[in-house]
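Shown next, in structure tokens, is the structure this report addresses.
Any value given below was found using the heavy atoms of this structure, including those in side chains, with hydrogens, waters and symmetry copies removed.
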Amino acid sequence: MKFFIDTASLADIQEAQDMGILDGVTTNPSLMAKEGISGDKAVKDHYKAICDIVDGDVSAEVISTDFEGMVREGEELVKISDQIVVKIPMIKDGVKALRYFSNKGIRTNCTLIFSAGQALLAAKAGATYMSPFLGRLDDISTDSLTLIEDIRTIYDNYGYETQILAASVRHPMHIIECAKIGADVMTGPLSAIVALLKHPLTDIGLQQFLADHARVNQK
Ligand code: G3P
């Protein structure tokens with residue numbers, strides 16, 4: 001399973017990269033705004049800075065909602081780095097843009113996926129990745145993991161190569177359950193990734209090892 005971090009924070013990206021477990025980064029306009037990044041040049045410079053930290057794919061989202069605008073923005077974004085994946089919303093013009101970029105060999109991430117039907121469309125349009133939002137479905141009392149299972153089944157039935165990128169991950173159980181189902185990628189905040197390593201018995205065990213070592217080595 002590939003691990004992406006869902007943030008535009010250079011500090012968080014660097015921390016995950018330093019752990020040696022990071023395969024890529026996803027961003028969205030809200031995450032860029034959270035870091036105070038605005039204006040075309042600043043946005044592009046920020047994507048470049050992210051690409052310089054991480055070795056893998058970096059999703060950069062278009063703002064346009066019409067086909068021509070998405071194509072124009074996407075073609076500009078991929079000039080920043082070979083690592084850039086154009087993030088496109090699941091709307092009608094977005095599906096058209098996914099097909100356009102796929103035909104040109106430009107990689108895409110179809111975002112804002114909340115149903116199996118949308119996932120099927122993204123795959124048929126040739127998306128490289130598609131991002132079902134787990135946390136936001138759970139927020140409205142809808143079982144997000146059933147959706148991941150359904151998409152896995154549909155993609156396996158027909159051999160679609162579009163990768164399931166489980167997004168809007170909020171906690172470590174989302175990651176573990178997605179790994180059990182067979183999502184190809186998960187993207188989440190640093191807190192969810194770091195939470196995977198926490199176990200009270202690890203902490204108690206380590207304290208005991210260090211205390212025993214110190215006791216005999218003080219003599
Ligand atoms: O980047 C898309 C997605 O991961 C957003 O997550 O937590 O804002 O629902 P969240």
Using the rule given for side chain to side chain contact (heavy atoms under 4.5 Å, CB included), can you reason through D184 versus R152, listing the C-alpha separation, both sets of side-chain angles and the distance that settles it, and then say yes or no?
CA-CA 9 Å; D184 301 286; R152 183 73 282 158; 3.2 Å; yes
Kindly determine whether D139 and R136 satisfy salt bridge (charged side-chain N to carboxylate O under 4.0 Å, His left out), including the steps that lead there.
CA-CA 5 Å; D139 287 345; R136 293 190 195 187; over 6 Å; no
Report the C-alpha distance between E76 and D40 in whole Å, list the side-chain angles of each, state the deciding distance to 0.1 Å, and finish with yes or no for side chain to side chain contact (heavy atoms under 4.5 Å, CB included).
CA-CA 11 Å; E76 279 300 307; D40 191 53; over 6 Å; no
Step by step, work out the side chain to side chain contact (heavy atoms under 4.5 Å, CB included) result for D55 and Q17.
CA-CA 9 Å; D55 293 327; Q17 175 67 21; 3.7 Å; yes
Using side chain to side chain contact (heavy atoms under 4.5 Å, CB included), reason through M32 and Y47 one step at a time and then give a plain yes or no.
CA-CA 10 Å; M32 294 293 274; Y47 284 135; 3.8 Å; yes
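Shown are I5, D18, V58; of these, the side-chain contact (heavy atoms from CB on, under 4.5 Å) with I13 is made only by I5.
Between the side chain of R107 and the main chain of F101, no donor-acceptor pair closer than 3.5 Å is present. Listed for the T27 side chain is a donor-acceptor partner under 3.5 Å among the backbone atoms of S59. The main-chain N or O of L137 is never found under 3.5 Å from a side-chain atom of S144 such that the two would form a donor-acceptor pair. Q118 places no side-chain N or O within 3.5 Å of a backbone atom of M90 that could act as its donor or acceptor partner. Judged by distance alone, the side chain of H174 and the main-chain N or O of L134 form no donor-acceptor pair under 3.5 Å. For D23 (side chain) and F3 (main-chain N/O), a donor-acceptor pair under 3.5 Å exists by modelled atom type. No side-chain donor-acceptor contact under 3.5 Å links S131 to the backbone of T111. Remark: the backbone N or O of V86 is not paired with any side-chain donor or acceptor of T108 at under 3.5 angstrom. Checked by atom type and distance alone, the side chain of Y155 pairs as donor or acceptor with a backbone atom of A119 at under 3.5 Å. With hydrogens and angles disregarded, a donor-acceptor distance shorter than 3.5 Å links the side chain of E73 to the backbone of I63.
Residues C178 and I175 are not in side-chain contact: their nearest non-hydrogen atoms beyond the backbone lie 4.5 Å or more apart. Between P89 and V62, the closest side-chain pair of non-hydrogen atoms falls below 4.5 Å. At least one side-chain heavy atom of L120 sits less than 4.5 Å from a side-chain heavy atom of Y160. The shortest distance between side-chain heavy atoms of Y129 and D57 falls below 4.5 Å. By the 4.5 Å heavy-atom criterion applied to side chains, F67 and R99 are not counted as neighbours. You'll find the side chain of D6 stays beyond 4.5 Å of the side chain of F4, heavy atoms only. Within the 4.5 Å cutoff, no side-chain heavy atoms of P189 are placed close to those of T7.
Clustering ILVMFWY residues whenever any of their side-chain heavy atoms sit less than 4.5 angstrom apart, transitively, puts L77 in the very cluster that holds I53. In the hydrophobic clustering of ILVMFWY residues, with side-chain heavy atoms under 4.5 Å counting as a link, L10 and L31 come out apart. In terms of hydrophobic clustering, with Ile, Leu, Val, Met, Phe, Trp and Tyr side chains grouped at heavy-atom distances under 4.5 Å, V25 and M186 are assigned to a common cluster.
For the atom pair CD1 (I88) and CG (L112), the distance works out to 11.5 Å, reported to the nearest 0.5 Å. Annotation: the span from M1 atom CE to I176 atom CD1 amounts to 10.0 Å, rounded to 0.5 Å. Here CD of E75 is found 13.5 Å from CE of M70. Values are rounded to the nearest 0.5 Å. A distance of 9.0 Å separates CD of E161 from CD of Q163, quoted to the nearest 0.5 Å.
We find that E177 and K180 are joined by a salt bridge, their nearest charged nitrogen and carboxylate oxygen being less than 4.0 Å apart. D93 has no carboxylate O lying under 4.0 Å from a charged side-chain N of K96, or vice versa, which leaves the two without a salt bridge.
Residue D82 places its CG atom among 12 or fewer non-hydrogen atoms of other residues, nucleotides or ligands, all under 6.0 Å distant.
Defined by atom type and a distance below 3.5 Å, a donor-acceptor pair is missing between the side-chain atoms of D203 and Q207.
Of all non-hydrogen atoms in L196 and P172, the two that sit nearest each other are CD2-CB, 3.7 Å.
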